[in-house]
Amino acid sequence: MTLILRRASSSFRSSSSSSSDNYPLHYQPPSSPLSSLLSSCKSLRHLQHLHAHIVRKGLHQHHILISQLLSLCNSLSETRYATSIFNHVSHPNIYLWNSILKGYSEKSFLFDAISVFKRMKQSDVSPDCFTFPSLLKACSQEGAIRVGAAVHCAVLRCGVEVDVFVGTGLVDFYGKCREIEDARKVFDGMRERNEVTWTAMVVGYVNLGEMGCAREMFDRMPNKNVVSWNAMIGAYVKWGDLINARKLFDEMPERNVVSFTTMIDGYAKAGDMASARFLFDQSPERDVVAWSAMISGYAQNGQSNEAVKIFHEMHSQNVRPDEFVMVGLMSACSQVGSSELAKWVDTFASQSSINLDQVHVIAALIDMNAKCGNMERAMHLFEKLPKRDLISYCSMIQGLSINGSGAKAVGLFKQMQEEGLTPDTVAFTVVLTACSHAGLVEEGCRYFMSMKNDYGINPSSDHYACMVDLLGRAGRLKEAYGLIKSMPMEPQAGAWGALLGACRLYGNIGLGEIVARHLFDLEPHNAASMTLMCQVVLNNECIG
DNA sequence: GTAGGGTTAG
């Protein structure tokens, strides 16, 4: 290592002197040892090492080397490091300006990108056709329509609008900002277009749901690459048309892992895990996204054991999980409700390189721990949150409620309201359930009324079921039955089931029979309601 | 002659 470094530096040092060196001052052959070291660099440590070496050798103004360092920072997502390197260059050339801009745009640092762009124009360097795609990307990611339009003006002032990359950047920007007519105007005015340009236009139509236009564009494309096909398949998946998605998938000349994952994800979201599994097994390649689609697919469809199984399979194949995988696994775990499994997942996540400070990861962790009975851990995570939202509050309230602390749960709901958060329909389901578990009948009734009166939320059949459960558990069977009969919608099995449970609890065989008849009509093959009905009768005989 | 850019899946 040191040997290569020494040889690398000598070629630069000697190039400035008149020694035996073969290369002129700014020529760096592709096979230069330092250059190949830079291209093989894969970690921040290694990068810092190379940077230090370059500085020690007095090469920190060497534009080509610095440019390579900056793109290395970009590929390692080390934007701050890139900034500090860049700021030490006294007269950056266009390559360096463009490089630092690219780093900012990839991180969606629009503000920094724009201020760098201004600084660049104040220096003597004028932007070129490499400058604008980055700027436009930052704008489209942030949905900054006005800033992007200003960038468009700068493009025209520079006269680089004929460049296919710039044009494609503009099409993509307007398309992502839902300004499809402007996107089309740019597209129609372009002299040269490639597959990417066409695909950006297709995606623009897709985002507006204009599937007819999107398909027309797709069919008119002179050349299609695998990304174009995947974009069109993804479009059908996005709008729930799995038939056409599959048609294209079967038609396309060659598929990559994204093609498979797009279809797998579509099947999983439609609840068809059998088809998802079939394609997953067929896929010649499986990246972490493919595994993640299967894991969260199983979790969302209630097949949590399969989700856990496939996670272990992934783990055994040395695929490193990302946060999507972990969130899927946590969601599966909360359905299983096993405290041991939850602890294992929690520890695994903490020891991995996954960033646990992301809100959706913490939310999943809280939910899992709460549902698996690890309330202390859940509370600890909850209190550590920089900002608590509705979702994290609901996870905690539900956790407290199912772990027998209904009163605390209701207290937390109050705290949530005091913090200024507006409860939604899910929040009310959760707090009504908590009231029901804690026997807080009056409190529950108040929330049920407040839902409509204070928040304008019409109670759903779930909310009614909660109220029936609440009244039923408290022995107020007649009121519960009256509430069911007053429902503006057709009562579902949940409400009748709750009432039947209450009939069993209080041995009310007369009402129980009426309720059971409704349940049998709704779910003639449901063994649970049959069992419940038998228990009503038996219980009554015991009492009698 | 050397260095930098755009589109797709979670």
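Below, chains carry the letters A, B, ... as their sequence lines are ordered, and counting in each starts from 1.
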Item to check | Chi angles and distances behind the salt bridge (Lys or Arg N to Asp or Glu O under 4.0 Å) call for A:Glu313, A:Lys309 | outcome: CA-CA 6 Å; A:Glu313 204 183 317; A:Lys309 228 164 82 184; over 6 Å; no

Item to check | Proximity to DNA chain B (any heavy atom under 4.0 Å), residues of residues 303-323 of chain A only | outcome: A:Asp322

Item to check | Nucleic acid contacts - residues 224-238 of chain A versus DNA chain B, non-hydrogen atoms under 4.0 Å | outcome: A:Val227, A:Asn230

Item to check | Between B:dA3 (C1') and A:Phe130 (CZ): distance, integer Å | outcome: 10 Å

Checklist entry - With sequence neighbours excluded, what pairs up with A:Ser71 under the side-chain contact (heavy atoms from CB on, under 4.5 Å) test? => result A:Ser99

Checklist entry - Can you name the salt bridge (Lys or Arg N to Asp or Glu O under 4.0 Å) partners of A:Lys185, sequence neighbours left out? => result A:Asp182

Item to check | Close residues, residues 147-165 of chain A, relative to DNA chain B [heavy-atom separation under 4.0 Å] | outcome: A:Asp163, A:Phe165

Next on the checklist: So, using ring pair (Phe, Tyr, Trp, His ring centres under 6.0 Å) as the criterion, who are the partners of A:Phe280 when residues are at least two apart?
Outcome noted: A:Trp291

Next on the checklist: Filter on ring pair (Phe, Tyr, Trp, His ring centres under 6.0 Å), then keep only pairs touching residues 260-279 of chain A, sequence neighbours left out; what's left?
Outcome noted: A:Phe249-A:Phe260

Checklist entry - To the nearest Å, how far apart are A:Leu170 CG and B:dG5 C1'? => result 13 Å

Item to check | For A:Tyr174, all residues meeting ring pair (Phe, Tyr, Trp, His ring centres under 6.0 Å), sequence neighbours excluded | outcome: A:His152

Checklist outcome for this item: In numerical order, the residues of residues 272-286 of chain A whose heavy atoms come under 4.0 Å of DNA chain B are none

Item to check | Steps toward ring pair (Phe, Tyr, Trp, His ring centres under 6.0 Å) verdict (A:Phe117, A:Trp97) | outcome: CA-CA 8 Å; A:Phe117 182 60; A:Trp97 285 108; 9.7 Å; no

Item to check | Whole angstrom value for the distance that separates P of B:dG4 from CD of A:Glu106 | outcome: 13 Å

Checklist entry - A:Asn98 near the nucleic acid: base, sugar-phosphate alone, or nothing, with a heavy-atom cut-off under 4.0 Å? => result base

Item to check | Partners meeting ring pair (Phe, Tyr, Trp, His ring centres under 6.0 Å) with A:Phe130 (sequence neighbours left out) | outcome: none

Next on the checklist: Rounding to an integer number of Å, can you tell me how far A:Asp172 CG sits from B:dT7 P?
Outcome noted: 6 Å

Checklist entry - In chain order, what residues pass the side-chain contact (heavy atoms from CB on, under 4.5 Å) check against A:Asp188, with sequence neighbours excluded? => result A:Arg184

Checklist outcome for this item: Between CE of A:Met120 and P of B:dG5 the distance, given in whole Å, is 14 Å

Item to check | Residues in contact with DNA chain B, drawn from residues 72-96 of chain A - heavy-atom cutoff 4.0 Å | outcome: A:Asn93, A:Ile94, A:Tyr95

Item to check | Nearest-nucleotide pick for A:Ser71, side chain only, options being B:dG4, B:dG10, B:dG6 | outcome: B:dG4

Checklist outcome for this item: The nucleotide from B:dG6, B:dT8, B:dG10 with an atom nearest the side chain of A:Val289 is B:dG10

Checklist entry - Heavy atoms under 4.0 Å, any strand shown: does A:Ser134 hit a base, just sugar-phosphate, or nothing? => result nothing

Checklist entry - Checking all strands, does A:Val288 fall into the base, sugar-phosphate, or nothing category for heavy-atom contacts under 4.0 angstrom? => result base

Checklist entry - Among the nucleotides B:dG5, B:dT8, B:dG4, which one has an atom lying closest to any side-chain atom of A:Pro133? => result B:dG5

